[in-house]
Each structure stands twice: as C-alpha cells, then as structure tokens.
Amino acid sequence: MAVLINEQIKAAEVELTGLKGEKLGTVSRSEALSKARAAGADLVCTSLMSSPPPCSLVAKGKGKAAAQAARKDSTRPQQGGGSSQEKVKELRFTAHIEEHDYDTKLRQADKHLRSGKPVQLVVKASGAKEAAAAKAVLERLVADLKEAGTKASGLQTSGKGAQVRVNPHT
C-alpha cells in the first residue's frame with residue numbers, strides 16, 4: 001500500500017488531523033496543503049479506501065516513515081485474550097428496502113453496537129442507477145445509529161452499492 005505525500009494526494013477533500021493528533025475536520029486539498037506549508041510539515045495520506053481520505057500533518061521529512069510506522073501499528077493484533085482479530089458483523093441491505101425490513105435490520109445493528117461490537121453496513125444496488133438510493137439508505141442508517149456508534153470511515157461507494165463500518169461508542 002502506497003503512502004501519498006503532499007502534491008501526490010489527488011482527492012478534492014481530505015479528513016485532516018493536526019500535528020498533535022487533533023481532528024481538524026474535512027477540508028479541501030488546497031487548504032490542507034497550505035496548512036501543512038504554514039506549519040512546516042508534510043501532508044500524509046495512508047488510506048484511499050474512504051471518502052474523504054484521512055490525512056495527517058507530520059513533521060517535515062518524517063512523513064513516509066511516520067506513516068509506515070502508524071500503518072504497522074494499526075495492523076498489529078491487539079494484546080489480550082481471545083482472538084487476534086475482532087469479528088465485525090456485516091448487515092446487508094438492498095437499495096429499495098421496505099420500512100419493516102429496515103427497522104428490523106436497524107434494531108440488529110443497534111443491538112450489536114450497544115454490546116460493543118462493530119458493524120459493517122452494506123447496501124447492494126442492482127445497477128449504477130440505484131447507487132444514489134444505496135448511499136441514501138446508508139446515510140439514513142448512520143444517522144439512526146448515531147446514539148449507539150460512530151462511522152469508522154467515510155461512505156465507500158462503488159458502481160453496485162455502498163458500505164460503511166460503524167464502531168460502537170467507547
């Protein structure tokens with residue numbers, strides 16, 4: 001997996017994290033680059049799997065090494081008993097889901113989140129025309145689940161659907 005630094009980042013918007021780890025929110029690429037220049041730092045993006053991609057301000061020249069170290073830490077299994085990887089419950093939806101079915105799946109997702117388990121919400125669309133409806137269903141789900149959990153990443157959309165991971169509140 002490649003690490004993108006400064007002008008290599010092509011996304012229009014990025015989810016920006018400051019030098020001390022503080023969340024700076026979603027900003028345009030040009031604004032993020034100007035903040036990096038003003039702080040004498042590099043803008044580093046390690047994941048293109050979410051929209052907008054997460055980017056961090058890192059001390060000048062330390063960008064690639066710090067990003068690779070952070071990625072190495074994130075892939076290392078957590079210490080403690082049990083399995084090395086936490087199971088993620090995947091719930092599948094269709095783009096044009098009936099209200100009763102939606103409520104049932106919403107209760108299932110809520111139950112998993114409240115028990116401390118993350119949930120992967122997947123909406124399948126039968127074609128590119130339904131992709132907008134799939135995204136709308138996901139946005140509604142995330143809004144309805146905001147009391148039980150938060151999005152781990154942005155909505156990931158493809159030609160035949162959309163998905164998002166929701167982590168429980170800690």
Side-chain angles (χ1 to χ4, degrees), residues 1 4 9-36 43-57 67 70-71 73-75 78 82-83 85-170:
M1 182 157 112
L4 300 179
I9 301 167
K10 299 297 181 197
E13 288 185 328
V14 298
E15 190 70 34
L16 189 60
T17 304
L19 284 167
K20 296 182 177 95
E22 68 276 12
K23 299 280 185 205
L24 300 176
T26 303
V27 297
S28 69
R29 173 183 171 264
S30 58
E31 185 180 341
L33 286 169
S34 65
K35 284 184 180 191
L43 182 65
V44 178
C45 179
T46 57
S47 172
L48 298 175
M49 294 306 295
S50 61
S51 176
C55 294
S56 303
L57 296 178
R71 188 172 65 236
D73 287 345
S74 70
T75 58
Q78 298 296 321
S83 65
Q85 189 112 34
E86 188 175 9
K87 296 271 185 191
V88 177
K89 177 68 175 176
E90 182 177 293
L91 293 173
R92 293 178 179 231
F93 299 81
T94 58
H96 300 292
I97 189 167
E98 295 289 326
E99 197 60 35
H100 175 267
D101 295 334
Y102 176 88
D103 292 339
T104 303
K105 296 267 187 155
L106 180 66
R107 277 196 309 275
Q108 287 178 348
D110 188 66
K111 183 175 85 173
H112 280 284
L113 288 169
R114 290 188 191 277
S115 68
K117 297 176 187 147
V119 177
Q120 181 82 17
L121 304 172
V122 180
V123 180
K124 295 291 180 189
S126 61
K129 292 177 182 174
E130 289 186 1
K135 189 174 180 183
V137 169
L138 267 188
E139 288 170 347
R140 181 178 168 201
L141 279 163
V142 169
D144 289 345
L145 290 170
K146 71 177 177 234
E147 290 180 22
T150 54
K151 287 192 305 186
S153 63
L155 295 165
Q156 299 173 3
T157 57
S158 65
K160 294 213 172 192
Q163 64 181 350
V164 67
R165 180 176 166 151
V166 180
N167 289 336
H169 289 303
T170 53

Only counting residues at least two apart or in another chain, list the ones meeting salt bridge (Lys or Arg N to Asp or Glu O under 4.0 Å) with [X].
X    : result
E99  : R140
D110 : R114
E31  : K35
E90  : R92

Problem set entry | H112 side chain to V88 backbone, donor-acceptor under 3.5 Å | no
Exercise. For H100, does its backbone N or O pair with a side-chain atom of T104 as donor and acceptor, under 3.5 Å?
Worked result: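 Answer holds: yes.
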With [X] via side-chain contact (heavy atoms from CB on, under 4.5 Å) - residues at least two apart:
X    : answer
A132 : none
A36  : L43, L57
A133 : A95, H96

For this session: I would like to know whether V166 and T150 meet side chain to side chain contact (heavy atoms under 4.5 Å, CB included); could you show each step before the answer?
Result: CA-CA 5 Å; V166 180; T150 54; 5.8 Å; no
Any idea which heavy atoms bring [X] and [Y] closest together, and the distance?
X    : Y    : value
V27  : A32  : CG2-CB, 3.9 Å
A152 : N167 : CB-ND2, 3.3 Å
G161 : A134 : CA-CB, 4.3 Å
A162 : T157 : CB-CG2, 3.9 Å

Residues in side-chain hydrogen bond (donor to acceptor under 3.5 Å, both in side chains) contact with [X], at least two apart in sequence or another chain:
X    : answer
S126 : E130
S30  : S28
Q163 : Q120, Q156
D144 : Y102

Calculate, to the nearest 0.5 Å, the distance between atoms [atom1] and [atom2] belonging to [X] and [Y] respectively.
X    : Y    : atom1 : atom2 : answer
L19  : S56  : CG    : OG    : 9.5 Å
L141 : K151 : CG    : NZ    : 12.0 Å
D103 : R107 : CG    : CZ    : 6.5 Å
L121 : L155 : CG    : CG    : 9.5 Å

For this session: Start with the C-alpha distance between V123 and T94, add both sets of side-chain angles, then the distance that settles side chain to side chain contact (heavy atoms under 4.5 Å, CB included), and finish with yes or no.
Result: CA-CA 5 Å; V123 180; T94 58; 6.0 Å; no
For this session: Name all pairs fulfilling the side chain to side chain donor-acceptor pair (under 3.5 Å) condition that reach into residues 12-22, sequence neighbours left out, sorted by first residue then second.
Result: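 Of all non-adjacent pairs touching residues 12-22, those that pass side chain to side chain donor-acceptor pair (under 3.5 Å) are E15-T26.
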Exercise. Hey, are the side chains of I9 and C55 touching, using non-hydrogen atoms and a 4.5 Å cut-off?
Worked result: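 SC-SC contact between I9 and C55 confirmed.
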Exercise. Is the shortest heavy-atom distance from the side chain of K117 to the side chain of P168 under 4.5 Å?
Worked result: no
For this session: For side chain to side chain contact (heavy atoms under 4.5 Å, CB included), just list the numbers for L145 and L106, CA-CA rounded to whole Å, side-chain angles, deciding distance to a tenth of an Å, and then say yes or no.
Result: CA-CA 8 Å; L145 290 170; L106 180 66; 3.7 Å; yes
For this session: Using a cut-off of 6.0 Å, state whether more than 12 heavy atoms not belonging to K89 lie near its atom NZ.
Result: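 Incorrect, the count does not exceed 12.
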Exercise. Quick one: is the NZ or CZ of K124 closer than 6.0 Å to the six-membered ring centre of F93, and within 45° of its axis?
Worked result: no
